[in-house]
Number of protein chains: 2
Amino acid sequence: MATLRHSNQRDAVLKDLQARYDHPTAEEVYLSVKKEMPSISLATVYRNLKLLESEGLILKITTGDSDRFDGHTHSHYHFTCNDCMKVLDLEIADTDFCTLPRDFDGVITGHSLMFFGLCSKCKK
Amino acid sequence: MATLRHSNQRDAVLKDLQARYDHPTAEEVYLSVKKEMPSISLATVYRNLKLLESEGLILKITTGDSDRFDGHTHSHYHFTCNDCMKVLDLEIADTDFCTLPRDFDGVITGHSLMFFGLCSKCKK
DNA sequence: ATTGTTAATGATAATCATTATCATTAACTT
DNA sequence: AAGTTAATGATAATGATTATCATTAACAAT
């Protein structure tokens, strides 16, 4: 059930994310969309971020602090600055896994790799 | 400054984490340590988890829901079940990166790789 | 051993991101 | 045009984590 209907708010959230290359929090998306659509509510932004993620149209990036969102769903990785908490894209070519982007000028001190799926119990 | 002093509560938290192979939340560590030390406070558990992590004695695992902790700091990766949110260890040998542990009986449907460090601005 | 300093604690209030609620609005169906 | 119900906006609730603060206890100096 729960047929999806069209919504200008959802369009605006998606369009905002697709037009930017930082990795905004829900609050930041809200502030940005609000400029074009002053009546939009923060709850609507949260709702649509969740919905768009479940539709596979955007990515949610879980970090130590607030969640961040990415409108570009092609396969790439991320870098979080431990100091300012900014998130940057790391485009790493499959054929040369360990080469960082030429324009990356930070220092990498660690990484975390998490796999997702279903455990043996929940698989059934 | 802030010289570290000995504390039985901190010892108990570390010992609890080192003795188990699940990946408990702060609340779960609290409940477990409380059995041996009924007077310990949840705030003390949070404080010591943070302190032990900054000392490099335990790992904090950031997931979609509550943070989880790991008393075993050797290099290994993790798996989160999307259904029950349990976290399992994935010991992946450096020499055979893509082979999963023989006893892993779940399904992997995705992964996320995050790098940490300092961005060009914060490096200075 | 006694005292002084201050880190650590326990209890609890505060914070803050996210979710739930609910009356109203608007998208789509007939 | 009318009916159904998904989506919205406003706001309350939730829940994990952190901050506060008076008290306790570690450790150094006496």
For this session: Among the candidates dA10(D), dA27(C), dT19(C), find the nucleotide nearest to the side-chain atoms of Arg5(A).
Result: dA27(C)
Exercise. Base, sugar-phosphate, or nothing: which does Thr25(B) touch, judged by heavy atoms less than 4.0 Å apart?
Worked result: nothing
Problem set entry | Lys50(B) side-chain N/O to dT18(D) phosphate OP1/OP2 under 4.0 Å | yes
Exercise. Ser41(A) side chain N/O closer than 4.0 Å to the phosphate oxygens (OP1, OP2) of dA10(D)?
Worked result: no
For this session: Assign Asp65(B) to base, sugar-phosphate, or nothing according to its heavy-atom contacts below 4.0 angstrom with the strands shown.
Result: nothing
Exercise. Phe104(A) vs Phe79(A) aromatic rings, parallel, tilted or perpendicular, using cut-offs 30° and 60°?
Worked result: perpendicular
Exercise. Does Arg47(B) make a side-chain N or O approach to OP1 or OP2 of dT18(D) shorter than 4.0 Å?
Worked result: no
Exercise. Once the angle between the rings of His78(B) and His23(B) is folded into 0 to 90°, is it parallel (under 30°), tilted (30 to 60°) or perpendicular (over 60°)?
Worked result: perpendicular
Exercise. When you look at NZ of Lys123(A), are more than 12 heavy atoms from neighbouring residues, nucleotides or ligands closer to it than 6.0 Å?
Worked result: yes
For this session: Report yes if a side-chain nitrogen or oxygen of Asn8(A) is closer than 4.0 Å to either non-bridging phosphate oxygen (OP1 or OP2) of dT8(D); otherwise report no.
Result: no
Exercise. Is any side-chain nitrogen or oxygen of Ser39(B) closer than 4.0 Å to OP1 or OP2 of dG10(C)?
Worked result: yes
For this session: Answer yes or no: does a side-chain N or O of Gln9(B) lie under 4.0 Å from OP1 or OP2 of dA25(D)?
Result: no
Exercise. Would one find a side-chain N or O of Tyr46(B) under 4.0 angstrom from OP1 or OP2 of dT17(D)?
Worked result: yes
Problem set entry | Within 6.0 Å of CD in Glu36(A), more than 12 heavy atoms from elsewhere | no
